[in-house]
A.B. asks: 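Here it is: the structure, laid out below.
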Amino acid sequence: MSTQFPDDFKCPISLEIMSDPVILSSGHTFDRVSIQRWLDSGHRTCPITKLPLPEHPCLIPNHALRSLISNYTLVSPSKSQPCSQPQTLVSALTSPSSPIGTKLDSLTHLAGLTKRDSSLRRKLTESGAVPAVLKFVDSEDPVLQEKALSLLLNLSLDDDNKVGLVAEGAVNRVVKILRIGSPDCRAIAATIITSLAVVEVNKATIGAYTDAIPALVRLLIAGKGREKKEAATALYAICSFTDNRRRAIDCGAVPILINLLDLGLERAIEVLGLLVKCKEGREEMMKVNGCIKVLVKVLKNGSSRGVQYGLFTLNCLCNYSEIFCFEARKQGVLGICMGLVEEENEKIKRYLSNLVQTLSGNHAIG
């Protein structure tokens with residue numbers, strides 16, 4: 001199974017496909033189980049660089065990579081036909097005289113090949129095939145469009161390609177799909193945004209596109225399950241850039257995310273955990289009736305990651321507002337915190353301590 005995936009999806013320790021990728025301070029990504037086992041054995045160096053790590057290393061969830069892995073099989077092309085040589089496929093794709101059926105076959109086969117072959121992904125971008133792929137992203141034929149998006153997603157997996165794809169105009173096409181594409185195409189388009197945003201400079205570039213963030217926010221409202229999740233993941237990826245947080249807030253993302261969180265989309269709390277860092281974000285959360293109740297629900301029923309972001313978000317709000325402090329105490333947050341004291345997650349421990357101090361000491365900065 002793992003041989004069907006790009007090498008970047010495999011944990012450097014176990015060599016298996018990662019189910020919960022996390023980033024060490026060294027910048028390298030590992031599967032959480034594998035790196036935790038390494039740390040629990042007493043190691044305090046990065047397994048790859050051998051550089052020293054802090055006494056209590058922080059494991060940062062790699063949401064972008066996790067989303068790409070979980071969605072990879074969903075964009076798998078058909079394998080029903082024999083595959084030609086890559087150069088033949090590229091020529092058929094870029095030739096003006098090739099019939100549409102031939103171009104579709106080329107897109108399908110290239111999408112299959114680039115899933116597994118990082119060197120082919122680089123060769124394909126260097127061959128000048130990207131404009132042809134983007135042209136089919138613009139196609140009114142939904143089948144052509146979906147295959148082109150699948151290939152574009154594969155090409156975006158390589159960091160060396162990400163900036164070049166944005167420069168070639170990929171964002172414009174992808175944002176258009178977010179607005180008017182089929183449900184499957186919109187989900188793939190949101191995943192492409194997540195992939196491109198792995199490179200820091202692209203976060204600012206994507207956010208600066210007039211309709212990029214509004215399109216993702218609209219997808220949170222109008223999309224189906226997978227589309228909503230991918231839109232939230234993309235927002236999380238680009239909102240680590242401060243200016244994009246304000247753009248998302250201006251688009252009305254806060255009440256939408258709180259509502260989705262209440263409905264069970266836990267990814268929403270991760271985005272809220274970024275937006276709460278802005279004064280504007282905190283002010284918007286204060287306007288939403290029942291906001292504290294929804295966050296308390298996350299503390300009670302959420303996953304470890306959900307609880308982590310829930311604690312952080314609550315602490316930011318309670319530090320900001322005496323009203324939120326009072327409401328949180330009224331909702332029994334201190335009691336819930338006491339029930340979490342046995343948690344071993346370092347971030348949960350830290351955020352838990354901060355929240356208890358805030359609620360006990362009434363440190364609102366208003």
A.B. asks: Between Thr358 and Asn315, is there a side-chain donor-acceptor contact under 3.5 Å, judged purely by atom types and distance?
C.D. replies: yes
A.B. asks: Which is it for Asp138 and Lys135 under the side chain to side chain contact (heavy atoms under 4.5 Å, CB included) test, yes or no, and what are the steps along the way?
C.D. replies: CA-CA 5 Å; Asp138 283 334; Lys135 179 181 176 182; 5.7 Å; no
A.B. asks: When you compare the side chains of Glu266 and Ser303, does any donor N or O come within less than 3.5 Å of an acceptor on the partner?
C.D. replies: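 Yes, because at least one side-chain N or O of Glu266 sits under 3.5 Å from a partner of the opposite role on Ser303.
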A.B. asks: Does a salt bridge link Glu227 with Lys224, judged by any charged N lying under 4.0 Å from a carboxylate O?
C.D. replies: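 Lys224 and Glu227: not salt-bridged.
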A.B. asks: Would you say the side-chain atoms of Asn62 pair up with the backbone N or O of Ile23, donor to acceptor, closer than 3.5 Å?
C.D. replies: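 Not at all, since once roles are kept as given, no pair shorter than 3.5 Å links the two residues.
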A.B. asks: Surrounding CG of Leu51 (heavy atoms of other residues, nucleotides or ligands, distance under 6.0 Å), is the total greater than 12?
C.D. replies: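 Yes, CG of Leu51 has more than 12 neighbouring heavy atoms, counting only those of other groups under 6.0 Å.
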A.B. asks: Checking side-chain contact (heavy atoms from CB on, under 4.5 Å) against Val137, which of Leu151, Ile177, Leu144, Asn172 comes through?
C.D. replies: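 Only one of Leu151, Ile177, Leu144, Asn172 forms a side-chain contact (heavy atoms from CB on, under 4.5 Å) with Val137, namely Ile177.
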A.B. asks: Tell me, yes or no, whether the heavy-atom count around Asp40 atom CG, taken from other residues, nucleotides or ligands under 6.0 Å, exceeds 12.
C.D. replies: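 Atom CG in Asp40 is crowded, with more than 12 foreign heavy atoms closer than 6.0 Å.
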A.B. asks: Does atom CZ of Phe326 have more than 12 heavy-atom neighbours from other groups under 6.0 Å away?
C.D. replies: no
A.B. asks: If I compare all heavy atoms of Leu153 with all of Ser195, which pair ends up nearest, and what's the gap?
C.D. replies: CD1-CB, 4.4 Å
A.B. asks: Is there a donor in the side chain of Arg282 and an acceptor in the side chain of Ser321, or the other way round, less than 3.5 Å apart?
C.D. replies: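 No - no donor-acceptor pair under 3.5 Å links their side chains.
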A.B. asks: Does Ser95 reach the main-chain N or O of Ala92 with its side chain, forming a donor-acceptor pair under 3.5 Å?
C.D. replies: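 Not at all, since once roles are kept as given, no pair shorter than 3.5 Å links the two residues.
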A.B. asks: On the 0 to 90° scale, with breaks at 30° and 60°, tag the Tyr236-Tyr309 ring pair as parallel, tilted or perpendicular.
C.D. replies: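 Tyr236 and Tyr309: perpendicular rings.
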A.B. asks: Count the heavy atoms of every other residue, nucleotide or ligand shown that sit under 6.0 Å from NZ of Lys349, and state whether that count exceeds 12.
C.D. replies: yes
A.B. asks: What is the distance from atom CG of Leu107 to atom NZ of Lys147, rounded to the nearest 0.5 Å?
C.D. replies: 9.0 Å
